[in-house]
Number of protein chains: 2
Amino acid sequence: MAVTEVLRRFNRTYTQRIGVLEESFLGTGRPLAVSRLLFEIGSAGAVGVRELRELLDLDSGHLSRMLRRLEDDGLVATTVDGADRRRRLVSLTTAGQQAYDDLERRSDERASSLVAPLTPRQQERLADALATADLLVRAATVRLRQVGDDDPVAREATRRYVAELDDRFPAGFDPGPLAPEPDATWVVATSDGRPVAHGGLRPVPGRDDTAEIKRMWVDAGWRGAGLGTRMLRHLESLAREQGYRRVVLDTNGTLTEAIEMYERAGYARIDRYNDNPYAEAFFEKELSSAS
Amino acid sequence: MAVTEVLRRFNRTYTQRIGVLEESFLGTGRPLAVSRLLFEIGSAGAVGVRELRELLDLDSGHLSRMLRRLEDDGLVATTVDGADRRRRLVSLTTAGQQAYDDLERRSDERASSLVAPLTPRQQERLADALATADLLVRAATVRLRQVGDDDPVAREATRRYVAELDDRFPAGFDPGPLAPEPDATWVVATSDGRPVAHGGLRPVPGRDDTAEIKRMWVDAGWRGAGLGTRMLRHLESLAREQGYRRVVLDTNGTLTEAIEMYERAGYARIDRYNDNPYAEAFFEKELSSAS
DNA sequence: AGTAATCTCTGACTAGAGTCAGAGAATGGC
DNA sequence: GCCATTCTCTGACTCTAGTCAGAGATTACT
């Protein structure tokens, strides 16, 4: 059966049965949207109103009114953000924390009772299937975005990239003062606003037809979802758009999954082309105008 | 990770991303509920208003108004049910069929674009995972209901049970005139109002402590979801409630999955205890008061 | 034949969800 | 320091979803 069919069938099953997980928000005397808001504030600790609006994609008037309602009920407290006094921060009061815990408990109970008729083995199968579906659906909805290297999300991605290399390389990894690369193009993949993959492209001095792929990184929890390949493809097509006909990259021998991915993606080994002390494997790929 | 956690995590991913499949109902100038109604009428062909109300669990006033809206838009036509002139039947007009096809197309497009970023292999994995989740969620929400043997759903189940045996037994299966069994208890498992499994319990003449399990059947599309075992457990606990201390059953050697299931469930082979010409294997199980 | 029950529909509501314009306070860029 | 912009909030709406009571036609029960 085609994916779309399965997806649509599942969608119907879902809205009819699991969708009712939402019901756990009801019976609290508060409308659904307000409960959902409370849940979101509780999960995040203290949040800015701005962030809430973006996260839940709400109209500012609508959100404001719902916050007022929660405030009147004594569940949240809002304070002015010291760093930018136009903004306001929202956090749970003690009563709010209690209401949040109550929502958590209801949701857990609802979920438990839903799977209760299944045997332990079936519950395990269901958990596996849902975890796979979750990963893939998230992966499918990841957004690739071109950013400047001063973008906060790009910075976070770079920080995590460096941290991981430092962790995996036997001798650690010290990037030195990361030289600013004014001509580089950076791409970050985000999910729910957090970076999950990163990569860049920079011109190679002296070779007009060649760009180098830099700082390829995929979050550990997201491996196996094809994000690396997607990032690579994306960078290649950017390179093509910028007029390059060839890309090269270097990598460390420790990163075996990465090397496999490069080979699968049509990269061929070449000789060392720089003096990067951490690099042990070097690759190139000719960019056909077609693909 | 525990099932409930995975389920809840998936639930959030889902409502944020796939849930938007509903959006395909929008942009048609009709509210969501009305579109959903149109979709339901279109899937079913012609339906009674009564059935729609039960299927979608709607207030009669609400449904009536929505139908009127669809009628005013020229999408559906209602006629009086000849068999019971209180009832009304709804069917799509030509324009309605077009609107339905349009909804179908939108839903397909939405589903396709959602999975488009995935590789074919990932799409396949997603389809597998969702199909598994779908089966298990449906199985978890199946309802076991005690019915009289004149219940229309029970009749349908029996008809399909007989048809399947006739199909699988090398020499076919002729139940003869199915003798009414006034003292029997019948249980049917339904999903969306359709029978998916069936079984019964009847006293064994001359042995007060023993009941016989009859007409065990699980829909072919539902095997592997543990429905048979659940039905068996359910019948056993009914037998216990009715004061029996032992159950027996007979079956045909062709039904290997069934035999395996009985053995897994703690049934032990015994000698032939009746002259049923189709029966080749005979089982018993002592009912402990505990389980 | 008479009464209770069933089915659909209308009228009269309420509450939730969301949109849009604009006011008032605060900030950033030049 | 000035102007444009950002952020939150209020007011004034619309539309959807859903509830409840009851009317009128029809059928089921005995």
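Letters A, B, ... mirror the listed sequences (proteins, then strands); counts begin at 1.
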In whole angstrom, give the distance that lies between atom CG of A:Asp84 and atom P of C:dG28.
6 Å
Rounded to whole angstrom units, what separation is found between the CG atom of A:Leu63 and the P atom of D:dG11?
17 Å
Distance-only donor-acceptor test (3.5 Å): side chain A:Arg86, base D:dT6:
yes
Show each protein N/O and nucleotides 12-21 of chain D N/O combination with a separation under 3.5 Å, one pair to a line.
{"unit_1": "D:dA12", "atom_1": "N6", "unit_2": "A:Arg65", "atom_2": "NH2", "d": "3.4"}
{"unit_1": "D:dA17", "atom_1": "OP1", "unit_2": "B:Ala33", "atom_2": "N", "d": "3.3"}

Salt-bridge criterion met for A:Arg30 and A:Asp73 (N-O under 4.0 Å):
yes
A:Leu52 has an atom CG; how far is it from atom P of D:dC9, in whole Å?
11 Å
Is there a donor-acceptor pair closer than 3.5 Å between any side-chain N or O of B:Arg36 and the backbone N or O of B:Leu56?
no
Take the protein atom CD of A:Glu71 and the nucleotide atom C1' of D:dT10, then report the distance between them rounded to whole Å.
15 Å
What is the minimum heavy-atom distance between B:Arg8 and A:Ala111, and which atoms define it?
CG-CB, 4.2 Å
Nucleotide C:dA25, atom C1' - distance to CZ of A:Arg88 in whole Å
11 Å
Do any side-chain nitrogens or oxygens of A:Arg53 fall under 4.0 Å of OP1 or OP2 in D:dT8?
yes
Is the shortest distance from a Lys or Arg side-chain nitrogen in B:Glu54 or B:Arg50 to a carboxylate oxygen in the other one below 4.0 Å?
yes
Indicate yes or no for a side-chain donor-acceptor contact from A:Gln123 to the backbone of A:Leu118 under 3.5 Å, with no hydrogens or angles considered.
yes
Distance in angstrom units between A:Arg87 CZ and D:dC9 P, rounded:
13 Å
How many whole angstroms separate atom CG of A:Leu37 from atom P of C:dG16?
15 Å
Whichever of A:Ala83 and B:Glu51 has the more 5' nearest nucleotide on DNA chain C, that residue is B:Glu51
Are B:Val6 and A:Asp134 close enough that some pair of their side-chain heavy atoms sits under 4.5 Å apart?
no
Looking at B:Arg68, I'd like to know whether one of its side-chain N or O atoms comes within less than 4.0 Å of OP1 or OP2 on C:dT10.
yes
Under a 4.0 Å threshold between the charged nitrogen and the carboxylate oxygen, would A:Arg105 count as salt-bridged to A:Asp101?
no
Protein-nucleotide distance (B:Arg50, atom CZ; C:dT8, atom P), rounded to Å
7 Å
